[in-house]
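One structure is given here, and the rest of the page talks about it.
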Amino acid sequence: MSRGLVTPLQTGPLELLLAPLYWFLQLWSGFVYWIGQMTGFELLQYGFMHRAILVGLCIGVMAPLIGTFLVHRQLALIGDALAHTGFAGVAVGLFLNAVLDLGVSPYLTAVVVAMIAALFIELISEATDAYNDVSMAIVLSTGFALGTTLISINAGGLAVGVNQFLFGNLATVSQDSAAILLALFVIVIGVVGLTRNQLLYVTFDETAAAVSGISVSWYNRIMVMLTAMVVVGAMQIMGVILVAAMLVVPVAGASQVSRSFNESLLVSVVLAELAVILGIAVSYYAEATAGGVIVLIAVTVYSLAVVVGKLQSRLVADSNPEMGSIEAGEID
Amino acid sequence: MSAQKTSTAERTRAASTTASVIELSDVEFGYTSTPVVEDISIQIDPGEYVAVVGPNGSGKSTLMRLMLGLVRPDDGVATLFGEPAHKFDDGSRIGYVAQHASASKEMPITVREVVKMGRFPHVGYGRLSSEDWAIVDGALDTVGMTAFADRRVTQLSGGQRQRAFIARALASEADLLVLDEPTVGVDIESVGAFYELLDSLNRGGITVLLIEHDLSAVTEHAERVICLNREVYFDGPTGKFVESDALARAFGTAANLLGESR
């Protein structure tokens, strides 16, 4: 990999910031290797698997966490749109590397491009006073079109490497991309942890939140930027095409069985982790694409949650007969 | 129900405010070049119970947004508690109750979690203290929703849901309660109890601003009526409103609504 123009970035403050993350990766790798030794699981003995599992675990926390705030505002599609603009970012990175010989990670350019697209979507929605599916579809296809065009201009060797971004790949999770994901994870969890009250209020009742003094557009911007970070981070093993499923499917499952918002956050993370861990294991032994297997398992878990949720509400209705009449009286 | 419990602090705070709660002078506003409302001058003082009525598309909701500072007037001045409305930032003083929340109906959230939001203007980025939780429980008690505290909001009837939203306003210790057509989709029995609750809160010192399509509820409960159709057709005591011809002028042929609903 050529250093060129990027050298100052890689040895400068960024590297200093990332140093603890690389240290943590080492520690984690040793830990998982040790578990592999103790349990005899073959897949735990490979370095790339250690990173893939860590990336998967992080995605299992942050994707449903952000997804919860999106799904309940009927913004599930925004993840998909941003993933496709993330693909354009990947293409930009590959293009810059090929043409200008920069040694920059395509995931970094993807984060930047997806975050710009996120802000763009948000500003459009502020100007038009609504998130509309037309502008979302335009952003999605523009992103993908830009990506494919840039890549086809380069053609040849480049196109071969695109599959890992489109479909995700456990084996290509490098030290660098794992460190980028860890950094994104820390930012996402930190920001959501700090602003959870405001995000909840804006999600539940935008006007009431505005009246209570919360700057709704400011928190909407934060939300879409975090979404961009999550989808690009998750893209590594989920791929552009399936990444949005991790924002939506575990959350949809959790809404079926949870009694409160806090519980739904917890349940969605548990469901997502279940899908990620089982998905990685199955895909390793079945030699299948991890992203696909993870989503299939997540959808299966979702279907089970729907059944459990229906049974639960039937039980509640049986034990509280008056609830039936209350629900029947509801008009809107 | 103990509306008195939360009202003492609010009365003190209302008394310390000499300015009117809401004041609009010569306000005009439009989303396009055609104004939605124009030539609006309204003053609402602490402790009043005011209803805004008008036909569909008369600018009621826009007027409310102007009053709350959610939009800025194209012309004229809007103040909230004596400050320019769009700059007013003590959200804890205003409780807002809409027809329904904007979240999807599948959102799993309990009544207590909704009422908790009333404390957010007080705690900011922090956690709720045990005192905050005590205020939340007090608010639930005041609106008679303690038994439903842990139930999902989606499982409530329309009337219960609106009580939960009122409790959220009480939890924020608001001295102004703004309700935008709060009884749409609520069954008749619950509507009666809902207005009784509003009456008792108003007696406790809370200023109530009600945007309402149900004219019988307005004439029965509000002290003052503002009749709007792009401009103010009537602003005065409810008794005089009933006698006046403002309704006929503002509503046109729909004016016989009042006769039917009484």
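Bear in mind the structure is a predicted one, so any value in this text is a computation, not a measurement. Protein chains get the first letters and strands the later ones, always in sequence-line order, with residue 1 at the start of each.
- The residue among B/Leu128, B/Leu70, B/Leu68 with the most heavy atom pairs within less than 4.5 Å of chain A is B/Leu70.
- Here B/Met117 is the residue among B/Arg112, B/Met117, B/Arg119 with the most heavy-atom pairs under 4.5 Å with chain A.
- Under the 3.5 Å distance criterion, the side-chain polar atoms of B/Glu23 are left unmatched by any main-chain donor or acceptor of B/Gln43.
- Within the 4.5 angstrom heavy-atom criterion, only side-chain atoms of B/Val114, from C-beta onward, approach chain A.
- Look at B/Glu173 and B/Arg93 and you find no salt bridge, because none of the NZ, NE, NH1 or NH2 atoms lies under 4.0 Å from a carboxylate O.
- Contact count against chain B (heavy-atom pairs under 4.5 Å) is highest for A/Ser258 among A/Gly213, A/Ser264, A/Ser258.
- Considering only heavy-atom pairs separated by less than 4.5 Å from chain A, the leading option among B/Pro108, B/Gly95, B/Gly91 is B/Pro108.
- With a 4.5 Å cut-off on non-hydrogen atoms, B/Phe120 touches chain A through its side chain but not through its backbone.
- The number of heavy atoms from other shown groups lying within 6.0 Å of OH (A/Tyr219) is above 12.
- By the neighbour-count criterion of 12 heavy atoms within 6.0 Å, atom CH2 of B/Trp133 is densely surrounded, having more than that number from other residues, nucleotides or ligands.
- Using a cut-off of 4.0 Å between Lys/Arg side-chain N and Asp/Glu carboxylate O, A/Glu126 and A/Arg221 are scored as salt-bridged.
- Judged by distance alone, with hydrogens and angles left aside, the side-chain atoms of B/Ser172 form a donor-acceptor pair with the main-chain N or O of B/Ser92 at under 3.5 Å.
- Only the side chain of B/Val123 comes within contact range of chain A, with at least one heavy atom under 4.5 Å from a heavy atom of that chain.
- Both the backbone and the side chain of B/Ile109 come within contact range of chain A, each with at least one heavy atom under 4.5 Å from a heavy atom of that chain.
- Put simply, of B/Arg152, B/Arg127, B/Arg65, the one with the most heavy-atom pairs under 4.5 Å next to chain A is B/Arg152.
- Using a distance-only test at 3.5 Å, with no hydrogens or angles considered, no donor-acceptor pair links the side chain of B/Gln160 to the main chain of B/Leu156.
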